[in-house]
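Below is one structure, written out as structure tokens; comments come after it.
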Amino acid sequence: MRAAFFGGVYSNWLALEQALRDARQRGAEAIYCLGDLGAFGPHPDRSIELLREGGVPTVQGNYDDSVGNDRPDCGCGYTDPRDNHYARISYAYTQEKTSSAHKPWLATLPHKLAFENAGLRYSMVHGSPRQQNEFLWETASPDHLLERLCGDADVLLCTHTGLHWQRTLPSGKRVVNVGALGRPANDGRTCVWYAFLDTEAEEPFAFIPVSYDHQRLAREMREEKLPDEFVETVLTGWWTTCLEVLPAKERLKGRF
Amino acid sequence: MTGLVQLQSNRAGPSVRFRWLDALWIQVTGTLCNIACLHCFISCGPKATQVPMMSAEEIERALSDGRDLGMRQVYFTGGEPFLHPELRRVVRGALAIAPLTIITNGLLIDEATAGWLAEESAASRYSLDLRVSLDGMTAAQNDPVRGRGTFDLIVESLARLARHGLSPVVTVVEHEQVESSRTLFLDFVRGLGIRQPRVKFLPLLRIGREERRTHGYEEIMNDVPLLPEVEASLLCASGRIVTAQGVYTCPILIEHATARISDSLAGAQRDLQLSWAACQTCVLDGLRCNT
Ligand code: SF4
Ligand code: SF4
Ligand SMILES: [Fe+2]
């Protein structure tokens with residue numbers, strides 16, 4: 001089986017479009033999205049429409065819950081005032097620009113999706129199975145906790161942090177954080193990432209970099225008067241916000 | 001025990017449901033500290049042994065209990081953790097199973113210590129975070145609170161950690177001497193050579209020595225239920241602290257006998273009624289001790 005898993009889209013409709021094309025070219029029989037369709041980027045409806053038109057089964061992210069239910073904030077779970085300042089700007093923008101026709105759809109997305117293949121149970125969530133906005137960072141998620149969170153799944157797929165990683169646990173179960181299509185992985189590269197499953201391959205999960213027209217995205221973000229700090233991330237591949245929640249090792253890999 | 005202002009027993013505070021064990025705090029050195037800050041919320045100091053130091057075995061037991069309960073992260077605190085004679089052993093033990101944050105005043109982090117911290121950090125798959133307290137950008141701001149000469153020593157330690165490739169988080173308690181803005185403080189920390197600097201501001205807790213210095217809590221919370229998101233975000237909703245004297249609700253209340261809720265970590269996984277005056281700082285001022 002071949003399948004693609006998309007994490008946080010954050011309104012990066014250009015990357016989403018490119019990733020859909022890329023996954024189909026690689027022969028994906030199924031494409032899933034793990035939520036957070038809005039935030040950060042421009043024109044939130046465009047991403048939602050690409051997913052809805054493409055019939056992509058989508059897990060609800062904290063952002064989708066917030067926008068869909070008109071909640072007062074995005075529920076990203078930041079603790080720092082500066083991060084919250086930027087989070088508020090993008091949330092107000094996204095909430096205003098998301099068509100009311102899409103809000104009930106966002107509000108009713110499932111918290112979990114699952115499928116079985118060749119005797120293995122795959123489970124998909126946004127943050128973690130127990131909390132929609134729980135951050136599962138590579139260097140801050142102990143094996144024993146991940147074993148627990150897997151429950152009866154053999155493979156647990158998640159997003160929410162924006163950084164991709166995978167680990168095989170002592171029990172043989174696997175956890176894959178599929179990363180994000182919405183913004184680069186704080187590595188100084190402008191591409192974004194998704195996870196691709198090929199059950200025939202020796203290493204079943206591969207992370208696929210997606211290059212897209214990031215100059216155009218930056219242009220659109222400027223036209224929409226989104227913060228320069230966000231535009232900078234698109235153009236440089238380095239995060240400028242949401243940095244306070246990073247564990248030490250992830251922090252040291254970034255530029256800021 | 002310090003002058004605890006507690007609710008009259010006929011008035012219960014709001015309740016907090018225990019969600020799961022996210023943060024395991026360990027009071028490794030009890031109340032023993034190499035300095036005695038004016039604003040210390042648990043009256044720690046060089047002679048403060050009201051909460052004793054834990055043995056390495058006790059710390060290891062706490063770690064393995066925490067793992068069995070699915071903890072996500074470990075915090076070592078005190079007092080001053082670097083006074084523990086077997087700190088390296090227990091740091092390694094913690095980092096073998098989970099991410100670790102050490103809360104420290106930084107004064108004892110000499111060249112050799114910074115070196116082994118960097119080694120332990122590099123050897124682990126999990127993150128090692130150091131949270132170093134500083135109370136201003138100048139000796140004039142910091143030293144009246146932390147003691148004469150401490151500013152220069154802390155700054156040296158921060159720079160030393162940075163040279164060893166570590167990225168300490170600087171925590172600042174908001175007291176009257178610090179008017180400096182975050183940006184200024186970040187620039188200051190960056191100036192010490194720390195890459196990806198982080199500064200965390202903590203509200204002042206008016207208990208312990210601080211209560212005697214200024215004033216305690218006069219107002220008292222009632223039992224109106226907390227907003228669900230406030231309740232869920234409280235440290236005591238998903239964390240506990242193990243000390244040499246048993247398991248307590250949270251690191252803030254280890255000197256309060258009524259906050260000792262169990263002998264064992266497993267037994268401490270239960271709901272609470274917030275009947276302590278300091279709870280107001282968490283509930284009303286938004287104190288969160290996690291990194
Ligand atoms: S605030 Fe920290 S460094 Fe100061 S006396 Fe208390 S435990 Fe020691
Ligand atoms: S002081 Fe704060 S963390 Fe401790 S029990 Fe009270 S509310 Fe909870
Ligand atoms: Fe999210």
Side-chain angles (χ1 to χ4, degrees), chain A residues 62 65-66 71-85 127-151 163 165-170 186 238-256, chain B residues 19-24 63-64 66-74 94-102 117-118 121-122 124-131 161-162 164-169 181-183 186 190 194-201 227 229 232-233 238 286-291:
Chain A
N62 52 288
D65 174 54
S66 290
R71 296 197 199 284
D73 69 68
C74 64
C76 290
Y78 302 136
T79 49
D80 179 74
R82 182 173 176 273
D83 288 348
N84 281 323
H85 165 76
S128 85
R130 64 185 182 185
Q131 187 181 314
Q132 195 174 42
N133 68 352
E134 181 163 8
F135 292 103
L136 295 183
W137 304 105
E138 180 170 20
T139 77
S141 303
D143 282 348
H144 62 258
L145 171 63
L146 295 175
E147 297 276 12
R148 230 171 222 255
L149 293 177
C150 281
L163 296 179
W165 56 274
Q166 61 173 321
R167 192 188 306 164
T168 305
L169 302 176
N186 199 21
W238 298 112
W239 291 6
T240 53
T241 60
C242 315
L243 291 158
E244 294 297 324
V245 289
L246 291 182
K249 288 197 191 229
E250 279 81 353
R251 198 159 72 226
L252 280 163
K253 284 187 195 148
R255 166 129 181 246
F256 297 107
Chain B
R19 305 176 76 206
W20 51 70
L21 186 68
D22 186 280
L24 170 65
L63 289 170
S64 83
R67 181 185 46 202
D68 293 346
L69 296 168
M71 74 188 174
R72 190 153 70 119
Q73 49 185 335
V74 180
L95 281 175
I97 58 169
L100 171 67
T101 299
I102 307 177
L117 285 168
S121 168
S124 174
R125 106 165 4 138
Y126 303 121
S127 272
L128 168 64
D129 257 295
L130 291 148
R131 259 169 47 183
L161 288 167
H164 282 271
L166 296 164
S167 164
V169 176
S181 76
R182 255 155 220 283
T183 325
L186 272 174
R190 202 174 278 121
I194 298 178
R195 296 194 297 138
Q196 299 85 6
R198 293 295 174 272
V199 176
K200 186 177 151 70
F201 287 82
L227 290 172
E229 60 272 24
S233 71
S238 59
L287 171 68
R288 303 290 177 269
C289 294
N290 36 317
T291 314

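Each chain gets a letter, A, B and so on, in the order its sequence line appears, and its residues count up from 1. Side-chain atoms are counted along with the backbone in the values below, which use heavy atoms only and exclude waters and symmetry mates. Quick caveat: nothing in here was measured; it's all calculated off a predicted structure.
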Any sub-3.5 Å donor-acceptor pair from [X]'s side-chain atoms to [Y]'s backbone N or O?
X: His144(A); Y: Met71(B); value: yes
X: Lys249(A); Y: Arg125(B); value: no
X: Arg251(A); Y: Ser167(B); value: yes

Proximity breakdown for Arg130(A) and chain B, heavy-atom pairs closer than 4.5 Å: both

Interface residue of largest heavy-atom contact number with chain B, from Arg82(A), Glu250(A), Glu134(A), under 4.5 Å: Glu134(A)

So which atom in [X] and which in [Y] form the shortest heavy-atom distance, rounded to 0.1 Å?
X: Arg72(B); Y: Phe135(A); value: NH1-O, 3.0 Å
X: Leu145(A); Y: Gly70(B); value: CD1-O, 3.5 Å
X: Pro99(B); Y: Thr139(A); value: CB-O, 3.7 Å
X: Phe256(A); Y: Arg198(B); value: O-NH2, 3.5 Å
X: Ala248(A); Y: Asp129(B); value: N-OD2, 3.2 Å

Select one option (side chain, backbone, both, neither) describing which atoms of [X] are under 4.5 Å from chain A's heavy atoms.
X: Arg19(B); value: side chain
X: Asp68(B); value: backbone
X: Ala122(B); value: backbone

Between CG on residue Leu252(A) and CG on residue Leu166(B), distance to nearest 0.5 Å: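 Rounded to the nearest 0.5 Å, the CG-CG separation comes out at 7.5 Å.
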
Side chain to side chain contact (heavy atoms under 4.5 Å, CB included) partners for Asn133(A), two or more places apart: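 Applying side chain to side chain contact (heavy atoms under 4.5 Å, CB included) to Asn133(A) gives Asn62(A), Gln131(A), His160(A).
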
